[in-house]
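Below you'll find the structure, written out as structure tokens, and then a few comments.
No hydrogens, no waters, no symmetry mates; every other heavy atom, side chains included, goes into these values. Chain naming here is simple, since letters A, B, ... match the order of the sequence lines and numbering starts at 1 in each. Source: prediction; values computed, not measured.
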Amino acid sequence: MSIPQLEKTYSPHDVEDRWSQRWIDAGLFHANPTDSGQPYSIVIPPPNVTGSLHVGHALNNTLQDILIRWRRMQGRNTLWMPGMDHAGIATQNVVERQLQAEGTTREALGRKAFLDRVWQWKEKSGGTIISQLKRLGASCDWDRQRFTMDEGLSEAVREVFVRLHEDGLLYRGERLINWCPRCLTALSDIEVEHEEITGKLYTIRYPLADDPSQFLLVATTRPETMLGDTAVAVHPEDERYRHLIGKRVRLPLTTRTIPIVGDSILVDREFGTGAVKITPAHDFNDFEAGMRHALPRLKIMDIHANLRVEGALAEPNVMEAVEGLSVAKARPKIEQLLIDQDLLEKAEPHKMALGKCYRCKTVVEPLLSDQWFVNIKPLAEPAIQAVEDGRVRIIPEAWKNNYLGWMRDIKDWCVSRQIWWGHQIPAWYCETCYGSPFLRRSSDGAPLIPSDATVIVAKTKPGACAKGHSDALVQDPDVLDTWFSSALWPFSTLGWPQQTAELKTYYPTSTLVTGLDILFFWVARMIMMGLKFMGEVPFRDVYIHALVRDAEGQKMSKSKGNVIDPLHVMEQYGTDALRFTLAAMASPGRFTNKIWNAARFLLMHLDGERAEVTPDQRSFPDRWILSRLNATIRTVTQELEEYRFDRASSALYQFIWHEYCDKYIEMIKPALLHPFMPFITEEIWHTLPHEGASIVRQPYPTARSDWDSKEAEEEFATVEECVELTNLARGILNYPAGQRLHFKGHAKAEQTRSILLKHRQLIEHLGNIDHLMIGTTPETTMPHFLVLTRGSVDMCRTLEHMESIDLHKAKENVLKQIESLKKEVGRTQQKLGNSEFVAKAPPEVVTDHQERLTRESRMIRLFEQALQQITLEQRIHHST
RNA sequence: GGGCGGAUAGCUCAAUUGGGAGAGCGCUGCCCUUACAAGGCAGAGGUCACAGGUUCGAUCCCUGUUCCGCCUACCA
């Protein structure tokens with residue numbers, strides 16, 4: 001039977017398309033809870049339904065796939081659960097932009113029609129990233145794909161919401177929250193990005209009410225909010241201001257007076273003037289201070305962050321100047337008005353942090369509104385414990401402290417969002433009980449539920465309220481934070497709240513693979529929710545991988561235009577090349593071709609029947625490479641256990657390229673490499689003699705002790721030493737690379753001599769040697785030999801073909817060698833001359849230095865002889 | 001402001017318990033040697049950020065400094 005041959009170069013595209021489809025058709029990635037094998041499961045970090053594959057996804061999913069394929073080949077009952085996230089704000093933004101292009105808005109469409117529209121979009125083009133993940137070779141169980149807005153997962157969301165509420169871990173209330181004036185929704189604390197900017201610190205004169213000739217100097221970075229001031233605070237122990245506490249100041253630009261209060265928490269005596277204005281409705285600290293002093297909250301901004309100062313009793317010209325303006329536009333107006341009234345003491349440059357929406361980078365404003373919050377401390381406590389006692393391992397461990405620090409200082413989680421795309425909050429209010437219809441929000445017509453309306457939380461719409469009214473129940477118009485549903489992902493995807501076989505088999509999952517950027521957004525919340533609702537951690541190991549950065553170390557982002565498109569890399573070099581590069585952080589392209597050609601070479605030489613041969617019947621090169629293969633199997637397996645993808649890949653690279661390709665070309669074992677490079681290994685595996693339908697389910701190689709061969713490895717080391725010495729001699733004497741030469745080898749020990757005799761032909765072949773003589777004494781007789789030494793062997797080089805070498809250059813090379821050797825000898829001698837070193841260093845270190853000295857000295861002597869020989873040759877050469 | 005991590009070859013990074021620092025890419029030179037020029041062989045290139053300390057000996061341990069990154073924070 002003829003053996004199929006490979007094409008001259010590897011063509012990734014055909015191979016990848018073919019195998020992707022066959023793997024899926026054959027159901028090779030499908031997991032079954034009743035299958036044998038210890039379960040191994042991973043839930044995918046669900047990509048946004050709007051997303052497309054970027055290099056971060058490629059890295060994240062490559063690493064997961066390596067783990068999954070490896071464990072599957074090890075015979076584990078392996079599940080990789082795929083799916084997508086509905087990404088509330090991001091997705092809503094996408095569809096709203098489409099509407100804008102069509103000249104309409106979501107408000108014009110109405111909630112129902114808008115949501116239909118989003119679903120339509122999702123069905124049509126929402127799954128781009130899934131097909132891209134398939135192209136990456138991700139061996140997910142695609143039959144089980146989930147979406148956070150699926151009915152099952154939505155049920156889980158409602159269940160969790162109701163139970164949290166029953167347990168007093170969820171409440172609704174009016175608080176100051178982070179508000180994005182562009183997305184028109186509340187954000188949680190961690191959805192705000194802080195950016196350091198240089199603003200101005202304004203010092204403003206607030207006249208005392210009972211003596212307007214006297215001023216209290218107040219420092220602020222946000223002068224426009226002064227219209228909402230309801231007090232000024234000083235430190236109660238500050239001698240400068242103590243006597244003013246209880247008095248009032250006239251609030252500039254308004255007709256109001258406000259009290260001076262003493263507050264040791266808010267006021268830092270060292271900063272600014274030591275007096276600070278309090279604006280409880282527009283600043284988080286001031287909100288707290290306002291509570292302490294029972295101050296009124298005066299709202300002066302609308303949801304677009306435009307000034308609405310009706311209630312502020314602003315002076316008419318002030319009102320006229322700033323009403324309806326954005327913060328950015330109002331600030332210089334206020335500054336000018338203060339200057340006009342001679343109330344601005346100074347304005348100095350000042351560094352400060354500015355909060356921006358992580359989705360759209362709009363400046364967020366603290367805004368007073370009714371929102372839903374998760375009472376997080378009782379959930380955080382067990383989640384801290386789980387990491388502290390190691391039920392969840394964070395790898396690398398350096399991030400553990402990061403997690404613990406954040407969790408210990410965690411704040412209540414604002415989970416309501418004022419958008420439409422998402423899980424609508426399962427809470428109802430009775431307008432009949434309330435006594436009047438709820439107001440309609442001006443922006444979108446949704447009901448504006450007052451803080452004091454009685455709330456009914458239930459999984460489905462109740463038939464009637466507690467008092468039996470059934471005709472005017474209104475559902476909360478808000479939806480939940482996207483991360484609320486993704487926090488449930490490890491168990492909601494497995495069927496919870498139903499007690500499914502999947503849940504029983506695959507929960508807790510084995511490993512979570514993610515980037516650091518969502519440690520708090522997602523990982524921490526999954527741990528909290530998993531412990532609360534499953535009574536067990538959601539995963540054993542969290543592996544946190546690096547974020548992919550560009551040449552300047554910047555995060556990649558579309559707006560910076562510094563993204564590497566993984567699809568482009570796959571196009572150019574193939575998927576396996578991308579995967580291996582990401583795993584190893586090596587450079588792309590070459591490795592696949594190397595493997596391809598090694599396999600090609602093998603196939604050219606494969607013929608006849610292949611019988612199983614025991615190791616001791618094998619040839620020397622066979623025994624050596626098997627022993628090295630064994631070592632590689634052990635290393636790769638060990639490194640994968642420890643999530644050292646980089647070291648595992650470099651071990652594979654080292655073995656395949658340098659040991660297998662460079663030194664041994666007679667056989668191949670692609671299976672070990674399969675998890676890293678699934679396509680090319682599958683393709684090669686099928687051309688090789690094999691049993692079974694796919695490499696995907698082949699047993700992962702394990703080291704077998706009968707392949708270990710210390711003798712073969714030692715013998716090969718000697719062979720290599722000889723070859724390296726001949727190469728060195730070639731280099732020094734600058735012979736052309738291809739020229740075949742004579743050498744004479746001398747072994748210092750009888751055992752080494754027999755190795756040389758045994759492998760004479762191999763050395764001749766690898767060293768491109770015409771004839772290797774093996775002598776008993778090194779030939780140092782002038783003028784015929786150059787002798788080099790290393791470890792156990794001397795190599796003598798007959799000085800022949802002198803016409804083809806540059807003697808002058810050779811001399812230079814030898815002198816250079818001598819020079820550097822002498823330097824080393826000097827250092828070694830100095831050390832050995834130090835009596836303290838000899839006395840205190842461990843004996844083996846001293847011995848090592850002595851041996852080094854002997855070796856180095858001998859090499860100098862040999863090179864000096866060589867120098868004489870060359871000089872002599874030069875003379876002969878000249879005289880002829 | 002606080003915390004964490006980092007600074008090693010031109011670039012990206014290794015070096016597990018303190019005893020002459022390595023790889024990949026890039027660079028230089030020589031080779032199209034029938035598996036592979038996306039290749040082979042050889043080579044150059046490092047005050048291990050800086051200053052002290054401990055030690056016979058420090059890239060490694062300790063202290064301080066500088067610079068960079070990330071997280072976090074209410075100096076208005």
Side-chain angles (χ1 to χ4, degrees), chain A residues 5-6 8-10 189-190 194 201-203 218-222 225 232-233 265-279 283-289 350-353 396 398-403 405-406 409 516-517 519-520 547 549 551 553-555 573 577 581 584-605 644 646-647 649-650 653-654 657-658 661-662 665 723-724 727-728 730-732 734-740 767-768 809 813 816 824 827-828 831 834-842 844-846 848-849 852:
Chain A
Q5 299 293 310
L6 298 175
K8 179 158 187 197
T9 49
Y10 174 59
D189 294 347
I190 52 177
H194 293 275
L201 182 64
Y202 300 84
T203 304
V218 172
T220 180
T221 53
R222 304 189 59 193
T225 65
V232 173
I265 297 171
L266 183 67
V267 179
D268 174 357
R269 274 179 283 182
E270 310 300 317
F271 186 84
T273 60
V276 56
K277 64 198 225 28
I278 301 182
T279 321
D283 183 284
F284 289 99
N285 301 310
D286 293 4
F287 180 81
E288 298 292 326
H350 181 70
K351 279 206 171 34
M352 49 197 260
W399 301 120
K400 185 173 161 181
N401 281 337
N402 209 338
Y403 168 90
W406 187 75
D409 193 34
L516 181 68
D517 48 341
L519 181 64
F520 305 139
L547 299 178
R549 295 173 194 284
Q554 301 279 312
K555 264 189 219 177
Y573 298 104
T581 300
M585 294 294 167
S587 29
R590 302 202 170 100
F591 196 42
T592 40
N593 208 49
K594 190 77 181 171
I595 294 162
W596 187 255
N597 279 290
R600 228 183 115 218
F601 179 85
L602 169 61
L603 287 166
M604 287 176 182
H605 297 271
R644 288 305 300 257
D646 55 336
R647 293 207 273 214
S649 6
S650 77
Y653 184 89
Q654 174 69 26
W657 198 300
H658 295 299
C661 288
D662 287 357
I665 313 275
V723 174
E724 279 171 11
N727 282 333
L728 186 62
R730 270 174 207 282
I732 289 173
N734 58 74
Y735 276 105
Q739 187 156 8
R740 290 169 70 80
N768 199 18
K809 211 168 160 189
N813 289 340
K816 229 159 118 186
E824 286 182 27
R827 288 174 63 193
T828 313
K831 256 187 153 171
N834 183 343
S835 57
E836 282 198 278
F837 171 74
V838 180
K840 293 184 182 174
E844 63 270 23
V845 173
V846 177
D848 182 57
H849 277 72
R852 191 184 297 162

To the nearest 0.5 Å, tell me how far [X] [atom1] sits from [Y] [atom2].
| X | Y | atom1 | atom2 | value |
| --- | --- | --- | --- | --- |
| M352(A) | L201(A) | CE | CG | 9.0 Å |
| T279(A) | N285(A) | OG1 | CG | 11.0 Å |
| D283(A) | T220(A) | CG | OG1 | 8.5 Å |
| R222(A) | Y202(A) | CZ | OH | 11.5 Å |
| K840(A) | N834(A) | NZ | CG | 9.5 Å |

Could you tell me the separation between the [atom1] atom of [X] and the [atom2] atom of [N], rounded to a whole number of Å?
| X | N | atom1 | atom2 | result |
| --- | --- | --- | --- | --- |
| E288(A) | rA73(B) | CD | C1' | 15 Å |
| E844(A) | rG19(B) | CD | P | 11 Å |
| M352(A) | rU72(B) | CE | C1' | 18 Å |
| H658(A) | rG22(B) | NE2 | C1' | 12 Å |
| K400(A) | rG5(B) | NZ | P | 14 Å |
| D646(A) | rA14(B) | CG | C1' | 8 Å |
| Y403(A) | rC70(B) | OH | P | 24 Å |
| R644(A) | rC13(B) | CZ | C1' | 11 Å |

Which value, in whole Å, describes the distance between the [atom1] atoms of nucleotides [N] and [M]?
| N | M | atom1 | answer |
| --- | --- | --- | --- |
| rA15(B) | rG46(B) | C1' | 14 Å |
| rG10(B) | rU47(B) | P | 8 Å |
| rU8(B) | rA38(B) | P | 32 Å |
| rU12(B) | rG2(B) | P | 30 Å |
| rC13(B) | rU59(B) | C1' | 15 Å |
| rU33(B) | rA37(B) | P | 10 Å |
| rC50(B) | rU66(B) | C1' | 7 Å |
| rA23(B) | rG45(B) | C1' | 15 Å |

Sugar-phosphate only, base, or nothing, as touched by [X] at under 4.0 Å among non-hydrogen atoms:
| X | value |
| --- | --- |
| I265(A) | nothing |
| R222(A) | nothing |
| S650(A) | nothing |
| G767(A) | nothing |

Which heavy atom of [X] sits nearest a heavy atom of [Y], and at what distance?
| X | Y | value |
| --- | --- | --- |
| K277(A) | T225(A) | NZ-OG1, 2.8 Å |
| G274(A) | V267(A) | O-CG1, 3.3 Å |
| L266(A) | V276(A) | CD2-CG1, 3.8 Å |
| I190(A) | W406(A) | CG2-CZ2, 3.9 Å |
| A219(A) | T273(A) | N-OG1, 3.8 Å |

Nearest-nucleotide 5' precedence on RNA chain B, N401(A) against W406(A):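 Per heavy-atom nearest nucleotide, the more 5' residue is N401(A).
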Base-paired stems that RNA chain B participates in, counting runs of 3 or more Watson-Crick or G-U pairs under 3.5 Å: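 Only these stems qualify: B:1-7 with B:66-72, B:10-13 with B:22-25, B:27-31 with B:39-43, B:49-53 with B:61-65.
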To the side chain of [X], which of [options] is closest?
| X | options | value |
| --- | --- | --- |
| R647(A) | rA15(B), rA76(B), rA38(B) | rA15(B) |
| N285(A) | rU72(B), rG19(B), rC74(B) | rC74(B) |
| R827(A) | rC75(B), rC71(B), rG20(B) | rG20(B) |
| K8(A) | rC71(B), rG24(B), rA37(B) | rA37(B) |
| Y573(A) | rG20(B), rA38(B), rA76(B) | rA38(B) |

Short side-chain N/O contact from W657(A) to OP1 or OP2 of rA35(B), under 4.0 Å: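 Result: no.
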H194(A) side-chain N/O to rC71(B) phosphate OP1/OP2 under 4.0 Å: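 Checking rC71(B) against H194(A), no side-chain N or O comes under 4.0 Å of OP1 or OP2.
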Considering only nitrogen or oxygen atoms on both sides, find all protein atoms under 3.5 Å from nucleotides 55-58 of chain B and state each distance.
unit_1: rC56(B); atom_1: OP1; unit_2: K840(A); atom_2: NZ; d: 2.4
unit_1: rC56(B); atom_1: O2'; unit_2: N834(A); atom_2: ND2; d: 3.2

Parallel, tilted or perpendicular: ring planes of F837(A) versus H849(A), cut at 30 and 60 degrees: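 If you compare the ring of F837(A) with that of H849(A), the planes turn out perpendicular.
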